[in-house]
Amino acid sequence: MLIFEHSRPGRFNYSQSPAKPASKSAIPQNLQRKSKVLLPEVSEMDTVRHFTRLSQKNFSIDTEFYPLGSCTMKYNPRACNSLAMLPQFLSRHPLAPEDTGQGYLACMYELQEILKSVTGMAGVSLTPMAGAQGELIGVMMIRAYHESRGDFERTEIIVPDAAHGTNPATAVMCGFKVVEIATDKDGNVDLGALKAAVGPKTAGLMLTNPSTLGVFEKNVAEMSRVVHQAGGLLYYDGANLNAVLGKVKPGDMGFDVIHINLHKTFSTPHGGGGPGSAPVGVAERLLPFMPIPIVAKDGETYRWITEKDKPQSIGRLSAHMGNAGVLLRAYIYVRLLGLDGMHRISEFATLNANYLMAELRKAGFEIAYPNRRASHEFIVTLKDIKDKTGVTAMNLAKRLLDKGYHAPTTYFPLLVPECLLIEPAETESKETLDAFVTSMKEILQEIETQPDMVKGAPHAMPVRKLDDVKAAREPDLAWKQGA
Amino acid sequence: MLIFEHSRPGRFNYSQSPAKPASKSAIPQNLQRKSKVLLPEVSEMDTVRHFTRLSQKNFSIDTEFYPLGSCTMKYNPRACNSLAMLPQFLSRHPLAPEDTGQGYLACMYELQEILKSVTGMAGVSLTPMAGAQGELIGVMMIRAYHESRGDFERTEIIVPDAAHGTNPATAVMCGFKVVEIATDKDGNVDLGALKAAVGPKTAGLMLTNPSTLGVFEKNVAEMSRVVHQAGGLLYYDGANLNAVLGKVKPGDMGFDVIHINLHKTFSTPHGGGGPGSAPVGVAERLLPFMPIPIVAKDGETYRWITEKDKPQSIGRLSAHMGNAGVLLRAYIYVRLLGLDGMHRISEFATLNANYLMAELRKAGFEIAYPNRRASHEFIVTLKDIKDKTGVTAMNLAKRLLDKGYHAPTTYFPLLVPECLLIEPAETESKETLDAFVTSMKEILQEIETQPDMVKGAPHAMPVRKLDDVKAAREPDLAWKQGA
Amino acid sequence: MPFIPHTKEDVAEMLASIGAKTIEELFDEIPKELISDELTGVPPGLSEMEITRLMMARATQDGFYQNFIGAGAYEHHIPAAVWQITTRGEFYSSYTPYQAEASQGTLQLLYEYQSMMASLTGMDVSNASMYDGATALAEAALMAVRSHKSSRRILIPQTVHPVYRQVVRAIVSNQKIEVVELPYCTECGQILPESLANSNHEDFAALVIPQPNFFGVLEQVDALTDWAHSKNAFAIGVVNPTTLAVLTPPGEWGSKGADIAVGEGQPLGIPLSSGGPYFGFMACKNELVRQMPGRIIGRTTDLDDKEGFVLTLQAREQHIRRSKATSNICTNQGLMVTAATIFMSLVGAEGLRRVAAQSHANTLELIEQLVKIKGVERTFSGPVFHEAPLTLSQPVADVLNKLKQKGILGGYNLQGQYPELGNTLLVCATETKTESDLRNYATAMQQVLG
Amino acid sequence: MPFIPHTKEDVAEMLASIGAKTIEELFDEIPKELISDELTGVPPGLSEMEITRLMMARATQDGFYQNFIGAGAYEHHIPAAVWQITTRGEFYSSYTPYQAEASQGTLQLLYEYQSMMASLTGMDVSNASMYDGATALAEAALMAVRSHKSSRRILIPQTVHPVYRQVVRAIVSNQKIEVVELPYCTECGQILPESLANSNHEDFAALVIPQPNFFGVLEQVDALTDWAHSKNAFAIGVVNPTTLAVLTPPGEWGSKGADIAVGEGQPLGIPLSSGGPYFGFMACKNELVRQMPGRIIGRTTDLDDKEGFVLTLQAREQHIRRSKATSNICTNQGLMVTAATIFMSLVGAEGLRRVAAQSHANTLELIEQLVKIKGVERTFSGPVFHEAPLTLSQPVADVLNKLKQKGILGGYNLQGQYPELGNTLLVCATETKTESDLRNYATAMQQVLG
């Protein structure tokens, strides 16, 4: 039942707005709204009840195991939420003077420094509001770098075929042409293809490492050499940084610019689809181009770096300081983890992934890259199962929901057929992984004995399988009164 | 799955306790614990997950209509929670000096004054921590009053048969004998029985008005006269104050001592069974006996009234100031309501109850007192239905759970067979009441067509009907390792 | 009309269904002469924005202090998860779990709570909580008298929290139960078992044994328990739950263990909050369970033999037994117990042990620093846990006042309740205090006394 | 190891199953020379108690001020229910609703959000949110150019938020889109439609129209919209959502209505929070929906024909279309939209209207009081909404500094972005300000300038 269906004309929450009619008005008649605003007219209690009940229809980290590959669904510490929401932080206006925000700015500065340290980069800007914006900003810096050298011929960005869709989309948004290169049978980027692709038009290479295939690009040093020799720059997509944090620094691998998904590696909440946050880090030569604002420390005082300090900056990419509250949460998280905790993220994420891969293999599932170590994620392919039974990766995914598990990522990366990309994250216990394996085995059994039941999944959710095709063909995107 | 079953030896949340081993210890060897403490060893995430999922197995005001008679399940405004939990309030030690708590004490003082005003009593003490403790304290004051006059012969407390069980139990805890008097066919206390019962042994009469039968005691003025003439005092059980708030003051009805369930009328949360809070109010002549502490205002300064100020006080009944945070929530609630809101509570609670009674009557349900107005609650009896079909009030109650409604109170008051005591509270909308009536009609239909299904309810809850008899015969009251 | 959803049309339709013309008419059974005039003394309603501002101003007025007061309420770290989960609507706004099938969340949690408290106290069973520590002790006294049958006398040492003694007295005196107070050793701050052995206490139902006692001093619980049992009386332990991670639990005191354990549950995840809501806990031996007051949850099975939880042993309770009930109690402190259960799950046994050990160590360190100051001396020789009395060279009230000016609440003034001890201050330093906090306090004390 | 549940035994068993001896071995595919030395620059971990104390100290350091700054971020009352529900784990810790059947909570809420925003803006459809107001405007510009096909030029008045203009420029210039800024009337503070009619702007894809504009002044939106349409260009409204309860929505501007409406969603229940996270909104006419970037939720049915909600029109998006997508965006600001949806449900249309009207009235009242002070004058003659520029007799920075000493953040200094205006201060008084707050500000200003 939609909130609008609880609505009755004239119902009103008197506590929630000014009691008296406003005493003054000077709005010209011709600018005043005549049409009715269709916001719901619902009591406070019914609003609370509606949204509380809606929330219960969600799977979430706080309620279910959520092995969604490439998304790093780890525990979001509750302290990060409550401390980032201290009333002084919440009430601070973004344009309030710097001297009324030294506490907040100190947190931001220290976060910049810690991120520089763990990534091996020379500078960090916290402004990007999501991974895709981090990419945009990173590629903009690549463009700015080349153009600052008077090099306007570099019109191509190289992207592996296994990359997230954001990589090619970003390159295009930045005005580049995308050159896609293939993956070899072990899941590495095809080095020959890369060598063939680079040249005077190469602005840069965008790489995720470990890759979206769940394996470490063994040849990354060589790739770096090839691209740099051609005059291009290396972009590190930090989507999988969780897998190597404290083990390998992107800076040491030769990357010139990176983004770091705080909502993955640094455990800020995913919030049903954002807000994310994706600081960018740069090597020395890209420092002048970084987006503002950045926090500087002069003596014991913190201040914003602005256009005056960085005249070559690519500029501003958000109205204020990106997703400031998300940054605070990440700051609290890194302080809770500390040095030791940082190392352990990748160690235990990798342990969980390799254990789960081993157990699923034993259970009879086909691993896409059976000869490789898993990074913090790995791929199961159901191609054989589909050929034999017609049961697809999507069917299995939906059946997992019935068993109380969020499904792994399905049909990504695109180059592995009927794939499930599984990422258990370091905060899950062995018992949870074991119980998941047990459920996967049960489904394998069900596929043999009752394939149609599996194809009809889910059966235990608030709704059965939803009609995506109808949704796209006859778009119903907003409730209208009387409709 | 119990939290203990998630436990693994050696699992530990490093963030949640001091990191370093303590540097000093001087605890004698013979006093040191040798046995293992069986607290769960569970990760922070799994703890959050466990209890979040447990919470989802509860019905609550925030998720369901909860027409539980005699409990006044109304909306608990979320602002009352967040403002009572401001960090300064939470961190304040109860024994901190009064001058470090003037803000808090001001709230308590004003709450006392407002409660005096709406009940017509001469004094209010906020210390009682629940309705039953309010009763205890009230009856203790009745005893103290008589004894202060050298009257030690008053050994009896009169209680109507329809009263809450706490009334007789309280009287006994205070060392009194209980004299029970009957109810007449219209639901009033039998005035003749009362006149016959009073005498020189009468310490007092405990009365709920409107009564637990959902009707107003029309003869309350006469009852007051009878009891007072016999030398007894009148106790007002405030369980149903919500029904008459702003309409009738207990003080005007002649009551000498009252308690006010803040968790009912003043909307403090029920919390799955407490904390409650039940301030007591007294007439002039009982002022000297009030329990301490009480807040006094001297000029612009607030302070605690102690034994020195009230040498005849019955004393202290809690270690500090009762359920201070609950009192804060009630204070916030009354300030939100204000004068107008106070009146409207009883008006709309009464409107909802009478409407629901009318609609259920039309739907074919038998009303226990069909010729009376409902107060804020009323009684449906299923006696005929049980005689005809074997379906009981409990069966209907369980079936309501399946329909998404908390059941009304069943089998109370004891004198109405197969009864459902239904209290909709003023915060429920007409649509909710209408939907409830629809479900009740459906069940009436089901009782005719599929009585066994109704007897087997609930069917849609996390568990089916639970075995109470087994629970009491073979008590399993604590998980033991290895058991 | 805040929180009332009725539109004009709703009201009209509802009155029509009832057959009444006005809402006023629904009150027509109330004698006219009883109807109130307009209320006075209630201010006009505030919007949520206005009350928010008012409450923030009042909170700000009260401020923050460095707190070294214990005396029955203890400042400990509370994990953020505790109250974020506890205040979820499904816990916060639900009622006593009368409808078990629709309340498995609360019921299972309470069963888990009972299990944790039974283990922590070393007893067989726990109830689902009492109002607070003081009333839990009073109920334990009543329970002991009910169970003992032959005596109506309770022995309570003066080392028990003074307000607890007041509360016990206020409650049990209604039932003509006599409370006898036992003096303590003013040198060591304990009840001396040998002095009891030489006393003429014979006919009593129970001996109350505090651990640590109100002075923070550790009592000789084994000897005290055995002495009570040797007199055919029950032993009732009043304990601080934090300390039980480190100290012998009541269930293991002496040769047979105490019979009832009670105490204040506040240290288990409940904020100080000016004194409440807290919760009392009560645990006992199996033999006494049917005399125990309060809610008790049991594990049972449903029609499909699936595990589930219910309120049980209700035949003890007022809503069934009325005047013959073991107590008039019907509410417990459910929401507080919800928090405590989540708290205990988050910290675990090892975490609780570390909290206790660090609080103990901090108090030792603080005392060590303070007694170096001229004019500060240990009051007692007995071992302390995380609180200790100090005898000062100046009146305690003055000292506390001067410390307050420096932002420090220096402790609890014992002079009011224990005038015989002279200028004595009870100080407490839990795990929340850093080394620098302790140093600051010592420095401030030095300045005040210097 | 905070947040890692593995016991020693777990690790041993897991390694055995994998067939590895150590966790280190699992990293053996990483070339040795790439493995980092120990990290430096990361401080040791803090316990939750320690970080709590640190963060409270930093928050306290920043304090509370009476805030009269607007300039794109507005202080409004946020009902307590909003964030208590928004931070429930099921909303807070869930991901983008890829598995629709297990995400109906988020999906239905987003559908409700889209419905509310469509109505508020007077447009046909809304997406599920953008990063913030500035990037929403940039995306609207890209969308207009994609849809227009013949022109790659955008007209943006200088009355649009200066940082929005910077952000638009930074983003669209990658795609060789030209941004042309339009000057405003320095007497009235508006874009004059008649000056545009006389200009030589012909070939452009869209005109951006702010309402209210950055100065708080109301633009002549009908004439501006019609002018853009007369040039075959799109009209993009940049609006403050609060004001739409009172002002004509973009969908009804001029004879045909604007084509795209965007803006900053922060005023709808999002705290100021030093600048984020906020959310941008974007709504448009039906004809443009397949050019709209970002998530869109649709209502559909399940196998039993029961209503349900899904992510839809995904063929626009990067994860399907990759380099041919309408945008690279994949995340929206889901949690912020959750809060905004609950906010809009709680206040309703009438509540939002009252908030807007009271903010407007408070600003008028404040200005009236301030202009009585010698040295304060209205800068512009145009009508204002809940914000207005004032020209001072002294440098704004000095004035603001002195007001700050009195606990007042007096507004936004326009001198940096609009040097042509001289000593000009932008003040804002929302419904959160009481009469006494306004008087206090006026008194303080009097003292500063006196």
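Reminder, nothing fancy here: chain letters follow the sequence lines and each chain counts from 1. Predicted model only: the values in this text are computed from it and were never measured.
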Inset, instruction - Quick one: sort the D:H6 and A:F348 rings into parallel, tilted or perpendicular, breaks at 30° and 60°. - result: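 The arrangement is tilted - the two ring planes meet at 30° to 60°.
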Of the backbone (N, CA, C, O) and the side chain (C-beta and beyond), which part of [X] lies under 4.5 Å from a heavy atom of chain A, both, or neither?
X: D:I69; answer: both
X: D:E75; answer: neither
X: D:L352; answer: side chain
X: D:T341; answer: both
X: D:V42; answer: both
X: D:F385; answer: side chain
X: D:S119; answer: both

Inset, instruction - Check side-chain hydrogen bond (donor to acceptor under 3.5 Å, both in side chains) between A:R143 and all other residues, then give those that pass, not counting sequence neighbours. - result: A:E147
Inset, instruction - Tell me yes or no: between the side chains of A:E359 and D:S17, is some donor less than 3.5 Å from an acceptor? - result: yes
Inset, instruction - Among the options D:P277, D:G334, D:A349, pick out the one with the most heavy-atom pairs lying under 4.5 Å from chain A. - result: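 Winner by heavy-atom pair count: D:P277.
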Legend entry - Minimal non-hydrogen separation, D:S36 against A:G246, with atom names: CB-O, 4.2 Å
Legend entry - Heavy-atom proximity to chain D below 4.5 Å, by part of A:H164: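 Answer is backbone: N, CA, C or O of A:H164 sit under 4.5 Å from chain D.
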